[in-house]
Protein chains: 2
Amino acid sequence: MSESEHPARRYHHGDLRRALVDAARRLLEKEGPTALSLRAVAREAGVSAAAPYHHFKDKAELLAAVGEQGWELLDRRLDEAAAAHGSAHERMTETGAVYVTFALKNPALYRVMFDAMRESEGNPDRLTDKDHRFERLRRMLVEGGANPDDLMGLELGAMAAWCASHGLAEMIAFKRFDSMREALGGEDALMRAVLDQLTIYAHRPGGPSPSDG
Amino acid sequence: MSESEHPARRYHHGDLRRALVDAARRLLEKEGPTALSLRAVAREAGVSAAAPYHHFKDKAELLAAVGEQGWELLDRRLDEAAAAHGSAHERMTETGAVYVTFALKNPALYRVMFDAMRESEGNPDRLTDKDHRFERLRRMLVEGGANPDDLMGLELGAMAAWCASHGLAEMIAFKRFDSMREALGGEDALMRAVLDQLTIYAHRPGGPSPSDG
DNA sequence: GATGAATCTTTACGGCGTCAGGATGCAGTT
DNA sequence: AACTGCATCCTGACGCCGTAAAGATTCATC
């Protein structure tokens with residue numbers, strides 16, 4: 001009862017469920033998404049090929065768990081960035097940068113995360129997580145000067161911001177931007193430059209101050 | 001010689017290469033991306049499992065050809081939309097709508113297309129196609145009032161527009177937007193509303209007319 | 001018509017996701 | 001402490017996959 005420090009470390013193998021998710025993430029980083037077979041995950045975790053089926057209905061459910069864990073990590077970082085110092089516009093850009101950077105550094109994991117979110121459509125549990133992400137975006141938009149009563153506008157703005165970040169994350173790796181990346185001084189600067197284009201609505205909601213940046 | 005109307009209809013099977021690409025697209029629409037195995041494509045085309053290897057190095061190369069054909073079709077539609085009547089801002093939104101609609105109606109094909117483009121990074125042939133897409137975007141931005149001499153700004157703006165469209169295409173299917181979709185009167189209206197948020201920079205480049213829409 | 005090359009088929013290999021059935025070890029009862 | 005039930009894990013098997021080697025077929029050319 002009190003001997004085991006890890007509350008979940010029990011049963012034959014230990015907490016195999018968590019071990020499998022960890023193994024899957026390790027493989028994703030190391031070998032890329034094509035190498036992520038259920039058998040390989042089981043091998044990495046040191047169990048037989050059929051063992052995962054006592055913890056996940058099928059491969060998709062394992063992937064969903066991996067994606068979920070990825071979102072937990074990313075959500076934590078986004079919360080931090082959204083609560084940081086600086087102007088509302090700076091926080092908005094910085095939060096976007098955190099999102100895009102995460103996706104760039106963990107492209108395979110990010111794909112799994114996005115697919116997992118897409119396939120959990122209608123799942124009430126996961127809906128809460130997604131709502132939290134939208135709530136954070138709406139809050140930042142209001143802090144940036146958006147009209148808090150324009151619910152539709154807030155929703156559209158939040159959606160636009162997320163679309164932009166997601167799209168940027170999937171586009172920025174293109175070689176075509178090498179010269180721009182160089183001219184701006186790195187991937188991070190390029191990212192922020194594009195985000196500035198996209199989040200322009202956040203600090204210019206009604207158009208009161210046309211040029212102050 | 002002159003009997004066959006199709007210039008490529010020759011050899012044993014006929015133009016198997018094209019037949020395979022067509023079969024792949026048919027399967028993508030009908031069964032989804034998970035059902036798209038090389039063997040299934042060969043089956044659909046009526047040849048043995050190994051036959052495709054005389055026309056494609058491997059499965060990835062077949063997929064690339066499918067994606068390429070998809071881009072040919074989409075590029076044609078985008079060219080039309082970009083040359084349509086209306087204001088520059090209307091054309092911009094309409095072109096974005098065409099892009100997003102295509103992705104929504106052919107989600108599996110669009111994924112293949114985007115992946116093919118991503119994996120053809122560095123290929124000089126395909127680079128030309130991508131440049132054409134950026135050129136179209138830059139032209140529209142200039143028509144919308146952007147400074148033609150601000151090359152960096154044009155590039156960033158084009159990139160931002162593409163990012164936004166791509167992100168929107170992958171996000172709009174979310175159930176979360178059902179109420180908004182309903183309030184706005186359908187998927188098309190929702191799409192245009194978000195695009196309006198995103199292309200705001202197109203008709204307000206320096207911020208001269210804060211509220212005229 | 002013969003030749004050589006291109007195209008297609010057959011057969012085979014290892015890896016994959018998944019399932020059925022048997023082995024193993026834990027928790028709680030007596 | 002032995003028994004029982006069940007969760008956990010392993011072995012073996014099935015069909016499908018991507019891919020390669022080798023043989024068969026048919027086209028282009030002489």
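Letters go in sequence order (proteins before strands), and every chain restarts at 1.
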**Fill in**
Here the pair of heavy atoms bringing B/Ser37 nearest to B/Lys59 is CA-NZ, 4.2 Å
Protein N or O to nucleotides 14-17 of chain D N or O, pairs below 3.5 Å:
from: D/dC17; atom 1: OP1; to: B/Ser37; atom 2: OG; distance (Å): 2.8
from: D/dC17; atom 1: OP2; to: B/Arg43; atom 2: NH2; distance (Å): 2.5

**Request:** Return no unless some side-chain N or O of A/His55 is found under 4.0 Å from OP1 or OP2 of D/dC9.
**Result:** yes
May I have the list of side-chain donor-acceptor pairs in residues 19-33 of chain A shorter than 3.5 Å, sequence neighbours left out?
from: A/Arg26; atom 1: NH1; to: A/Glu44; atom 2: OE2; distance (Å): 2.6

Separation of [X] atom [atom1] from [N] atom [atom2], in whole Å?
| X | N | atom1 | atom2 | result |
| --- | --- | --- | --- | --- |
| A/Lys57 | C/dG17 | NZ | C1' | 12 Å |
| B/Asp58 | D/dT19 | CG | P | 5 Å |
| A/Leu20 | D/dT8 | CG | C1' | 12 Å |
| A/Arg17 | D/dC9 | CZ | C1' | 17 Å |

**Earlier contact from the 5' end, DNA chain C, for A/Ala50 and B/Ser48** = B/Ser48
Pairs of donor and acceptor atoms involving the side chains of residues 172-191 of chain B, under 3.5 Å and at least two apart or interchain, shall be tabulated with distances.
from: B/Arg176; atom 1: NE; to: A/Asp131; atom 2: OD1; distance (Å): 2.6
from: B/Arg176; atom 1: NH1; to: A/Glu155; atom 2: OE2; distance (Å): 2.3
from: B/Arg176; atom 1: NH2; to: A/Asp131; atom 2: OD1; distance (Å): 2.9
from: B/Asp178; atom 1: OD1; to: B/Arg181; atom 2: NH2; distance (Å): 2.6
from: B/Arg181; atom 1: NH1; to: B/Ile172; atom 2: O; distance (Å): 3.3
from: B/Arg181; atom 1: NH1; to: B/Glu187; atom 2: OE2; distance (Å): 3.0
from: B/Arg181; atom 1: NH2; to: B/Phe174; atom 2: O; distance (Å): 3.4
from: B/Asp188; atom 1: OD2; to: B/Arg192; atom 2: NE; distance (Å): 2.9
from: B/Asp188; atom 1: OD2; to: B/Arg192; atom 2: NH2; distance (Å): 2.6

**Item:** N/O donor-acceptor pair under 3.5 Å between A/Thr101 side chain and A/Val98 backbone
**Value:** no
**Asked** With a 4.5 Å heavy-atom cut-off, do A/Met113 and A/Met117 have their side chains touching?
**Response** no
**Request:** Establish, for the pair B/Arg133 and B/Trp71, whether the NZ or CZ atom is under 6.0 angstrom from the six-membered ring centre and no further than 45 degrees off its axis.
**Result:** yes
**Message:** Heavy atoms from C-beta onward define the side chain here; which of C/dT18, C/dT9, D/dC9 lies closest to that of A/Ala51?
**Reply:** D/dC9
**Message:** From the set D/dA20, C/dG17, C/dC8, return the single nucleotide nearest to any side-chain atom of A/Tyr53.
**Reply:** C/dG17
